[in-house]
Amino acid sequence: MPHDHPDHAHDHGLSPSGHPYRADNDGPLTYWQRMEIAVRELLIEKAKITPAEITAQIEAMDARSPANGAAVVARAWCDPAFKARFLADAGAASREMGFDIGPLNLIAVENTEAVHNLIVCTLCSCYPRNLLGLPPDWYKTRQYRSRAVREPRAVLREFGVDLPDSTRIRVHDSTADMRYIVLPARPAGTDKMTEAELASLVSRDAMIGTGLARTP
Amino acid sequence: MAERVRVRAMMPPGHVRAPSYLRGKEGVIERPLGAFHNPEQLAYGLPAEKKPLYRVRFRMDELWGKAAENPGDTLDAELYDHWLERL
Amino acid sequence: MDGHDFALWEKRVDALMVLCGAKGFFTVDGLRRALEDMGEDAFEKHSYYERWIAAVNQNLIEGGVYSLEELGTRMEEIAARGPTYGEAQNG
């Protein structure tokens with residue numbers, strides 16, 4: 001199954017900092033890149049948008065990452081009153097922790113031994129981007145979007161999550177105005193860990209439901 | 001007792017948020033979500049009235065019949081009131 | 001591992017989409033409608049942000065923010081600036 005770790009390194013080599021080179025700024029200019037430049041310039045010239053707004057928006061999106069969601073999950077594991085607020089209104093609980101999530105309507109769904117939740121958007125690519133940042137590529141593929149609702153157990157096995165028949169799977173299709181985040185089950189043997197240590201166990205996939213929280 | 005509903009099976013052209021794989025299928029209302037502007041009007045730049053939105057829970061065997069991996073697994077989706085028939 | 005970083009032009013498409021939506025130039029539903037109207041094969045032929053800039057543009061044209069003639073003229077000018085995005089990105 002589609003993980004978004006294509007072997008860039010084998011295609012382009014690595015930069016001195018160990019990252020794959022980005023080909024976008026020195027590759028041949030495409031039709032769609034020209035459209036982006038044209039749309040941006042026309043919006044700026046017509047005073048609909050300022051360059052500073054564009055820069056600020058890119059920085060705001062770059063600042064959002066799965067670490068934000070992991071912090072909220074770790075708090076919910078440590079603080080029962082916060083967990084109750086998180087399950088009642090995940091958006092309000094995330095704002096309470098200081099995360100700027102804009103107008104996001106967020107619902108948290110809790111994984112337990114009896115229930116495993118999986119998030120998908122079959123119609124497009126809805127994702128709690130204002131908390132977790134932009135979705136991974138595989139989340140946007142037609143393959144994931146069509147299979148997650150029809151054969152979630154097979155999809156989960158391909159992600160390395162093999163659940164017994166006794167665990168009920170609940171798939172959540174983000175079809176309208178809500179976005180979803182999975183509250184993963186807290187792994188065993190983590191009683192003595194701090195909130196920050198716990199957050200490091202929470203992967204992006206665990207909050208989509210295609211993974212589980214890591215065991216230390 | 002959860003309220004039972006069926007998703008309307010109409011297939012108009014254009015932008016709707018009721019996925020085709022759910023049309024004609026029966027489920028139960030999991031929770032009301034409040035009222036939201038109708039996407040079928042928003043999509044065409046029209047003034048949009050607010051419509052009640054619900055999360056509806058379906059059993060996998062209702063959606064996929066014998067092909068369901070586990071009949072008791074469920075799927076939740078958000079559906080606007082005007083796409084639901086009360087049973 | 002949290003996946004690849006997006007290219008600058010893709011981040012700009014994302015920012016334009018969010019900002020124009022917040023300013024009321026179009027709705028996310030208008031974008032989705034434009035994406036769906038591209039047809040199934042657009043999904044095979046074009047990348048995610050290629051489709052999104054097409055949808056953003058479609059909605060801005062429909063909303064009268066600028067004209068097709070303005071867009072076409074500008075895209076021609078941009079092509080003349082240089083062969084790479086780096087050279088063409090700022091007018």
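Letters A, B, ... mirror the listed sequences (proteins, then strands); counts begin at 1. Just so you know, these numbers come straight off a predicted model, no measurement behind them.
In this structure the side chain of B:Met60 never reaches within 4.5 angstrom of the side chain of A:Arg150, judged on heavy atoms. Two residues are said to be in side-chain contact when any heavy atoms from C-beta on lie closer than 4.5 Å; A:Cys124 and B:Arg17 meet this criterion. A:Asp173 has its side chain within reach of B:Tyr21: a pair of non-hydrogen atoms, C-beta onward, lies under 4.5 Å apart. At a threshold of 4.5 Å between non-hydrogen side-chain atoms, the residues A:Val149 and B:Trp64 count as touching. Taking 4.5 Å as the limit, some side-chain heavy atom of B:Arg55 sits within range of a side-chain heavy atom of A:His172. At least one side-chain heavy atom of A:Asp177 sits less than 4.5 Å from a side-chain heavy atom of B:Tyr80. No side-chain heavy atom of B:Asn70 sits under 4.5 Å from any side-chain heavy atom of A:Arg168. In this structure the side chain of A:Arg170 never reaches within 4.5 angstrom of the side chain of B:Leu75, judged on heavy atoms.
Between A:Thr167 and B:Asp73, the shortest heavy-atom distance links the atoms O-OD1, 4.1 Å.
Contact of B:Pro39 with chain A is not made at all, since no heavy-atom distance falls under 4.5 Å. In this structure, chain B has no heavy atom under 4.5 Å from any part of A:Leu118. Residue A:Asn117 does not touch chain B at all, counting heavy-atom pairs closer than 4.5 Å. Contact of B:Leu53 with chain A is made through the side chain alone, with heavy-atom distances under 4.5 Å. Looking at A:Val120, neither its backbone nor its side chain comes within 4.5 Å of chain B, counting heavy atoms on both sides. Using a 4.5 Å cut-off between heavy atoms, B:Arg59 makes no contact with chain A at all.
Using modelled atom types, no side-chain atom of A:Glu151 and backbone atom of B:Glu69 make a donor-acceptor pair closer than 3.5 Å.
Taken to the nearest 0.5 Å, the CZ atom of A:Arg179 stands 7.0 Å off from the CD atom of B:Glu78.
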